[in-house]
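Here's the structure, in structure tokens; my notes come after.
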Amino acid sequence: MSAQQNNVTTVRDNFISIATDARAAGKGDIGVATSVDAFSQFWNPAKHVFSDKTCEIGITQILGNDQKFSEFSQSNLSFYNKLNTRSAYGLGFRGYAYKFNRFIAFRTTTIQRALELSIDGSYTLRLSNTLAMSVGGRFILMEGKVSILDDFSDVSNLYGIDISGFYHGNEIAYKKFNGSWRAGFHFSNLRRRSLNDNKSIEIYAPSTVSIGTGFDFIFNQDKILGITTEYKTLLDSYVENANGEKLDFGIEGSVIALGLEYTYEEKLIARSGYSHGINRLTDSFITIGTGLKVKYVDLDVACLLGLSEEENPIREKLRVSLGLNLEEIL
């Protein structure tokens, strides 16, 4: 009976967008101040120059959707290359697809499709032994994501500028353990005001800022516990347009998260995290994850467990990421 109701809404991304890799997802969608990995391009490209690897590529896929009338999929490809000890560049590609079906006249018919493709690039410069900054740009192509009621064309484009920084402290010897501090920030999708204050389109890639800090407890060579906190918020209002009119799918609020990562012998990893959405219930969830590192490959798996009744498109979906050390493979 519910399938016959005319209540289909325009497909919108989650607040601040969906995490692209299983490592960050396993820690509560945290990545701006964590240690460098193959997916730093999405979270904070300034981390690239602190990698002990020269060249890496990362691949992520959210596995199938078992809902009968809706299908959601996400894929991601990240790449970075260190030119030398002071500079690096990175590239990223993300794709989101969503399909909503309805049972009409004894058959299932697709009534709404949505596709988003994002291409971005960055350049990172190391300013000192512990500090680096990065600048980047992003182009987003959207098809089928803008409702006809919004009075816009079916295909829309967006652009954005990113600015980020990362601090990676030296290892410090304490009484019972060693440790090192980490900190980072990331301004994402910065842009000047669009024509006619077109927030109905900008809402797909809102201008945001993320700041975070973390600490690694190095008990010995084989046991390391990393704790990271992160705060994300919008840089603009996406509730009303310039005329004070309410947007049908406005977003507001902030997100604060805490993530834990335990590494044993630099090979086996266990992760857990908690994200709390302020005025955004779909961003309140618990995550669990695990990882395995071998000579050429990093394999990560994560799952999100929602804490609210509001639907989250990646709730209880298994996320798998693969990081490849291209220098060793080639």
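Distance alone, capped at 3.5 Å, is enough to place a donor-acceptor pair between the Asn44 side chain and the Val32 backbone. In this structure a side-chain-to-backbone donor-acceptor pair under 3.5 Å is missing from Tyr274 to Ile256. When atom types are taken as modelled, the side chain of Ser128 and the backbone of Leu131 share a donor-acceptor pair closer than 3.5 angstrom. Remark: the backbone N or O of Ser87 is not paired with any side-chain donor or acceptor of Arg126 at under 3.5 angstrom. The closest donor-acceptor contact from the side chain of Ser78 to the backbone of Ser40 lies at 3.5 Å or more, if one exists at all. In this structure, Ser122 contributes its side chain and Val135 its backbone to no donor-acceptor pair below 3.5 Å. Judged purely by atom type and a 3.5 angstrom limit, Ser134 uses its side chain to pair as donor or acceptor with the backbone of Tyr123.
Note: Phe219 and Phe217 have parallel aromatic rings, judged against thresholds of 30 and 60 degrees for the angle between ring planes.
A distance of 8.0 Å separates CG of Leu305 from OG1 of Thr287, quoted to the nearest 0.5 Å. Atom CD1 in Ile163 sits 7.5 Å away from atom CZ in Phe187 (nearest 0.5 Å). A distance of 8.0 Å separates CG in Asp216 from CD in Glu261, rounded to the nearest 0.5 Å. Note that OG1 of Thr54 is 13.0 Å distant from NE2 of His48, once rounded to the nearest 0.5 Å. Put simply, CG on Leu304 and CG on Leu318 are 11.5 Å apart, with the number rounded to the nearest 0.5 Å. A distance of 11.5 Å separates CD in Gln41 from CG in Asp37, rounded to the nearest 0.5 Å.
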Check against side-chain hydrogen bond (donor to acceptor under 3.5 Å, both in side chains), Asp162 and Ser164: CA-CA 7 Å; Asp162 293 358; Ser164 59; over 6 Å; no
Audit row: Leu125, Arg86, side chain to side chain contact (heavy atoms under 4.5 Å, CB included) steps and yes/no: CA-CA 6 Å; Leu125 182 64; Arg86 295 191 66 244; 4.0 Å; yes
Verdict with supporting geometry, Thr290 and Arg271, side-chain hydrogen bond (donor to acceptor under 3.5 Å, both in side chains): CA-CA 6 Å; Thr290 186; Arg271 304 183 180 98; over 6 Å; no
Test log, rule side chain to side chain contact (heavy atoms under 4.5 Å, CB included), inputs Val209 and Thr233: CA-CA 6 Å; Val209 59; Thr233 189; 3.6 Å; yes
Worked check of side chain to side chain contact (heavy atoms under 4.5 Å, CB included) between Leu127 and Met133: CA-CA 7 Å; Leu127 304 179; Met133 292 194 67; 3.8 Å; yes
Phe166 and Phe50: CA distance, side-chain angles, deciding distance, ring pair (Phe, Tyr, Trp, His ring centres under 6.0 Å) verdict: CA-CA 9 Å; Phe166 185 68; Phe50 294 101; 5.6 Å; yes
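No continuous path of hydrophobic side-chain contacts links Leu292 to Phe39 [ILVMFWY only; heavy atoms under 4.5 Å]. Hydrophobic clustering places Leu235 together with Ile161 (ILVMFWY residues linked when any side-chain heavy atoms are closer than 4.5 Å, directly or through intermediates). In the hydrophobic clustering of this structure, Phe93 groups with Leu324; members are Ile, Leu, Val, Met, Phe, Trp, Tyr whose side-chain heavy atoms approach within less than 4.5 Å, directly or through other members. In terms of hydrophobic clustering, with Ile, Leu, Val, Met, Phe, Trp and Tyr side chains grouped at heavy-atom distances under 4.5 Å, Ile329 and Leu77 are assigned to a common cluster. The hydrophobic clustering, which links ILVMFWY residues whose side-chain heavy atoms are closer than 4.5 Å, places Ile269 and Val294 apart.
Leu258 is listed as a side-chain neighbour of Ile227, based on a closest heavy-atom distance under 4.5 Å. Counting heavy atoms from C-beta on, the side chains of Pro45 and His186 come closer than 4.5 Å. Here the side chains of Ser275 and Asp29 are not in contact, with every heavy-atom distance at 4.5 Å or above. At least one side-chain heavy atom of Tyr89 sits under 4.5 Å from a side-chain heavy atom of Asn81. Using a 4.5 Å heavy-atom cutoff, the side chains of Asn84 and Lys82 are not in contact. Looking at Leu322 and Asp300, their side chains never come closer than 4.5 Å, going by heavy atoms from C-beta outward. Residues Asn76 and Arg94 are in side-chain contact: their nearest non-hydrogen atoms beyond the backbone lie under 4.5 Å apart. Side-chain contact between Lys27 and Ser272: absent, with no pair of heavy atoms (C-beta onward) separated by less than 4.5 Å.
For the 3.5 Å distance criterion, the side chains of Tyr80 and Ser51 qualify, holding a donor opposite an acceptor. Between the side chains of Lys47 and Thr124, no donor-acceptor pair is found at a separation under 3.5 Å. Between Ser254 and Tyr231, the side chains place a donor N or O and an acceptor N or O closer than 3.5 Å (distance only, hydrogens not considered). For Trp43 and Asp21, the side-chain atoms include at least one donor-acceptor pair closer than 3.5 Å. Neither side chain, Thr60 nor Arg319, offers a donor N or O lying under 3.5 Å from an acceptor on the other. In this model, a donor atom of one side chain and an acceptor atom of the other lie less than 3.5 Å apart for Ser35 and Arg23. At a cut-off of 3.5 Å, with distance as the only test, no side-chain donor of Ser180 or Glu171 sits close to an acceptor on the other residue.
Under the 4.0 Å criterion applied to side-chain N and carboxylate O atoms, Lys53 and Asp298 are assigned as salt-bridge partners. Between Glu265 and Lys223 there is no salt bridge, since no side-chain nitrogen of the basic residue lies less than 4.0 Å from a carboxylate oxygen of the acidic one.
Considering Ile172, Asn178, Leu225 as possible partners of Ile218, the one that fulfils the side-chain contact (heavy atoms from CB on, under 4.5 Å) test is Asn178.
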